[in-house]
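Order of the sequence lines sets the chain letters (A, B, ...), proteins ahead of strands, with each chain counted from 1.
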Amino acid sequence: MRIATWNVNSVGARLPRLVSWLRSAAPDVLCLQELKCAADSFPTDEVAELGYEVAAHGTGRWNGVAIVSRVGLSDVTRGLRDEPGYAADDGSDETVEPRAIGATCGDLRLWSVYVPNGRDVEHPHFAYKLRWLEALHATAAAELAASVPFGVLGDFNIAPADHDVWDLAEFAQTTHITESERKALGVLQDAGLRDIVPRPLKYDQPFTYWDYRGLAFPKNKGMRIDLAYGNAQLAGAVTDAYVDREERKGKGASDHAPVVVDLSL
DNA sequence: ATGCCAGTTTCAAACTGA
């Protein structure tokens, strides 16, 4: 059993790469983030040709998450328990964004999540990020009671440890490395979820994101922010996990690489 | 300090990303 997570930064723009990656990596389940398309605009037919079903949760321009599975797809849940919304800076009403989707895939219960960025520690988006993580914990804690392999995979927009960014000094006063964000990850771990740390295919650290700008990828100025959390049943079945940095190479790449987790299930 | 690059959308300046 192979599961994976990938922030594709627009499923429309990434469709050729998505199709070829599904063929080559052949995951049984793939959690996607940043679809940047409405749920009914997801390229369902293109992945169906490869034998995959899709459950998508998206509204259009931003965000959007999906679960793609070839081992079954049922009991789909869109959104978290008591999920907070966000009011844009222009004063418009608060809206709940499409950032989480859960589904049962074969013997697994999985969530694909796109945690809010936070923008700046002083910005309202940062408080929203922390509230959103509380709702994620509540949802996970409630579902963890079931004695089935359970996982939460996605773009957490948090580097769990100092060595998960290329240079900590560059992150002074910024989001993604703060104590309050890391504490939220600790709460997930206290609830019984383990961080499945992938191996890098090159260099020392398993970074999953490199900015498009400033030659960040060739300089390996990366971050590990795409994470896979699993309960004891799932984490205990892991036989291998790696970051597919090859997918970050070349023209038309997402700025995130897929994280692949192999399980003996 | 700012933009770097990429993708999106009232089609093109503005927003988001991390």
Side-chain angles (χ1 to χ4, degrees), chain A residues 5-18 32-43 56-66 85-92 94-99 113-130 132-133 154-182 184-185 205-227 243 245 247-259:
Chain A
T5 181
W6 188 14
N7 178 323
V8 286
N9 186 19
S10 170
V11 72
R14 216 64 59 215
L15 185 56
R17 282 200 177 238
L18 173 63
L32 294 169
Q33 302 86 36
E34 273 209 270
L35 303 181
K36 292 187 173 178
C37 78
D40 58 8
S41 298
F42 190 98
H57 183 33
T59 51
R61 187 173 186 180
W62 289 307
N63 312 307
V65 287
Y86 184 71
D89 302 342
D90 60 12
S92 55
E94 192 173 277
T95 56
V96 177
E97 301 171 319
R99 293 180 175 275
V113 301
Y114 179 44
V115 177
N117 171 295
R119 298 182 190 169
D120 183 280
V121 291
E122 305 295 334
H123 197 283
H125 209 259
F126 189 75
Y128 166 54
K129 181 178 195 173
L130 297 179
W132 199 93
L133 287 161
D155 178 357
F156 280 73
N157 273 317
I158 303 171
D162 290 351
H163 58 256
D164 290 319
V165 297
W166 80 92
D167 180 2
L168 193 63
E170 298 264 3
F171 287 82
Q173 316 296 328
T174 74
T175 60
H176 292 63
I177 52 89
T178 68
E179 189 178 341
S180 51
E181 290 165 284
R182 288 175 173 170
L185 296 183
Q205 297 301 330
F207 296 148
T208 66
Y209 164 85
W210 300 261
D211 199 302
Y212 285 122
R213 298 165 291 186
L215 300 174
F217 183 62
K219 292 177 179 174
N220 201 34
K221 290 185 171 184
M223 306 169 72
R224 184 172 80 94
I225 54 174
D226 298 272
L227 309 176
V243 182
R245 76 185 299 283
E247 183 51 47
R248 180 63 180 79
K249 294 180 177 179
K251 197 171 172 61
S254 169
D255 43 1
H256 296 251
V259 175

Extract from the structure each pairing of a protein N or O with an N or O of nucleotides 11-14 of chain B at less than 3.5 Å, listing the distance.
none

side-chain N/O A/H256 vs B/dA18 OP1/OP2, d < 4.0 Å = yes
Base, sugar-phosphate alone, or nothing: which one does A/Y209 contact when heavy atoms must sit under 4.0 Å apart?
-> sugar-phosphate
Using a 4.0 Å heavy-atom cut-off across all strands, classify A/N117 as base, sugar-phosphate, or nothing.
-> base
Starting from C1' on B/dG17, measure out to NZ on A/K221 and report it in whole angstrom.
-> 18 Å
Scan A/F217 against the nucleic acid and name what it touches under 4.0 Å (heavy atoms): base, sugar-phosphate only, or nothing.
-> nothing
Inter-nucleotide P distance (B/dA18, B/dG7), Å rounded = 14 Å
A/R119 side chain near B/dT16 phosphate (N/O to OP1/OP2, under 4.0 Å) | yes
Just how far, in rounded Å, is C1' of B/dG17 from CH2 of A/W210?
-> 17 Å
Would one find a side-chain N or O of A/S10 under 4.0 angstrom from OP1 or OP2 of B/dT8?
-> yes
So, is A/N9 close to the B/dA6 phosphate, meaning a side-chain N or O under 4.0 Å from OP1 or OP2?
-> no
Are A/R14 and B/dA6 close enough that a side-chain N or O sits under 4.0 Å from OP1 or OP2?
-> no
When you check the phosphate oxygens OP1 and OP2 of B/dG3, does a side-chain N or O of A/Y212 lie under 4.0 Å from one of them?
-> no
Between A/N63 (CG) and B/dG7 (C1'), how many Å, whole number?
-> 13 Å
Please give, in whole Å, the distance from B/dT8 P to A/L15 CG?
-> 12 Å
If you look at every strand shown and take non-hydrogen atoms under 4.0 Å, does A/D155 touch a base, only sugar-phosphate, or nothing?
-> sugar-phosphate
Atom P, compared across B/dT10 and B/dC15: separation rounded to whole Å = 14 Å
